[in-house]
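All chains are named by letter (A, B, ...) in the order of the sequence lines, taking the proteins before the strands, and each is independently numbered beginning at 1.
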2 protein chains.
Amino acid sequence: MDADKVFKALGDPTRRKLLDLLYEKNGQTLGQLCEHLGMARQSATQHLDLLEEANLVSTVRRGREKLHFINPVPLHEVYERWVRKFERQRLDLLHDLKKELEGE
Amino acid sequence: MDADKVFKALGDPTRRKLLDLLYEKNGQTLGQLCEHLGMARQSATQHLDLLEEANLVSTVRRGREKLHFINPVPLHEVYERWVRKFERQRLDLLHDLKKELEGE
DNA sequence: ATAATATGCAGGTATTTACCTGCATGTCAA
DNA sequence: TTGACATGCAGGTAAATACCTGCATATTAT
C-alpha cells in the first residue's frame with residue numbers, strides 16, 4: 001500500500017463524497033457520479049484518477065462507459081497501520097495527558 | 001469532530017511522522033520533535049498547529065517548553081465513520097467487483 | 001452513415017500549502 | 001541582571017492542487 005497516496009486521496013472532501021456515493025451504489029459511471037457533484041465532469045475525473053491511483057477505486061470498462069467500484073482493502077490497511085496501533089494505547093495516552101495536566 | 005481537518009492533517013507525511021514520533025515517546029517538546037525532521041523549526045510548528053486544530057495533538061506549556069501529546073480520539077472516530085462502515089461490506093463489495101470482471 | 005452519448009486528453013488559472021528567513025517574546029540559570 | 005534557550009509571530013516564495021475550457025476519440029442507437 002502506498003500510504004501517502006491513500007491519505008492524500010482521503011484528504012479531499014470531494015473524494016470522500018465519491019467514496020460515499022459508491023458506498024450507496026457500487027459500480028456507477030462517471031456521468032452518474034458527476035450528477036451529485038457541483039463541478040465539471042473533467043474535475044471529477046481527476047479526483048477519480050487519484051482514488052484509482054490510491055487503489056481505493058477500481059474501474060471496469062463496459063462499452064463507452066466506465067464503471068467505478070470501491071476497493072476497501074487500503075482502508076483496512078489504514079486501520080491496521082494507524083488506528084489500531086493508537087487504539088491499543090488509547091487509555092494509556094489519555095492517562096499521560098491527565099497526569100501532565102495535573103502537574104505530575 | 002471536524003472530519004475534514006482530521007483527514008487533511010493526516011494527508012501530509014511530515015504530520016504522520018510527528019504522530020509516529022509522539023507514539024514512540026509521548027509529551028515531547030517542539031525542539032525534540034524537530035530533531036527528527038529535516039526542516040526549520042517554524043515549519044514544524046505549522047504542522048503541529050494543524051494537528052492541534054484537528055484535535056489530534058494536545059499541548060501543555062511547562063515554563064518555556066511546550067509539550068505535545070497524541071489525542072487518539074479523532075483517529076477512533078475516523079475508524080468508526082470511515083473504516084468500519086466499509087469494512088462491514090468488504091466481502092460484498094469484492095464480490096460485486098469479481099462478478100463485474102467476469103462479465104456478470 | 002450519422003447523431004447523440006460517454007469518456008479521454010491538453011492545456012490554463014487561482015488558491016492552497018509547505019517550506020523558508022528575520023525578528024520578537026518569554027523563561028531559565030549563572 | 002544578563003546571556004542562553006525555547007517558542008511565537010509576520011511575512012515571502014515556489015510547488016502542488018482543484019478547478020476550469022476546448023477539443024478529440026470511442027461507442028451506441030437510429
Whole-Å distance separating the CG atom of A:Leu30 from the C1' atom of D:dT25: 15 Å

B:Thr14 side-chain N/O to C:dC19 phosphate OP1/OP2 under 4.0 Å: yes

Phosphate contact (C:dT17 OP1 or OP2) by B:Ser43 side-chain N/O below 4.0 Å: no

Atom-pair distance (CE on A:Met39; C1' on C:dA14), nearest Å: 15 Å

Side-chain donor-acceptor pair present, B:Glu52, B:Ser58, cut-off under 3.5 Å: no

Contact check, side chains of B:Gln28 and B:Leu21, non-hydrogen atoms, under 4.5 Å: yes

Derivation and outcome, side-chain contact (heavy atoms from CB on, under 4.5 Å), residues A:Thr14 and A:Leu37: CA-CA 8 Å; A:Thr14 299; A:Leu37 306 176; 4.2 Å; yes

Atom-to-atom span, CD of A:Gln46 to P of C:dC9 - whole angstrom: 12 Å

N-O pairing of B:Asp4 and A:Arg16 below 4.0 Å: yes

Presence of B:Arg15 side-chain N/O under 4.0 Å of C:dC19 phosphate oxygens OP1/OP2: no

Distance, rounded to the nearest Å, where A:Arg62 contributes CZ and D:dT28 contributes C1': 13 Å

Donor-acceptor pair present, B:Arg64 side chain and D:dG8 base, under 3.5 Å: no

Side-chain donor/acceptor contact of A:Gln42 with base of D:dG22 under 3.5 Å: yes

OP1 or OP2 of C:dG26 under 4.0 Å from side-chain N/O of B:Lys66: no

Spacing between A:His47 atom NE2 and D:dA16 atom C1', to the nearest angstrom: 14 Å

For atom CG of B:Leu33 and atom C1' of D:dA6, their distance in whole Å: 13 Å

Between D:dT17 (P) and A:Leu48 (CG): distance, integer Å: 17 Å

Separation of A:Asn71 CG from A:Leu19 CG (nearest 0.5 Å): 10.5 Å

Whole-Å distance separating the CZ atom of A:Arg41 from the C1' atom of C:dC9: 10 Å

Toward the 5' end of DNA chain D, by each residue's nearest nucleotide, A:Leu50 or A:Arg61: A:Leu50

Along DNA chain D (nearest heavy atom to each residue), the more 5'-positioned of A:Asp12 and A:Glu65: A:Asp12

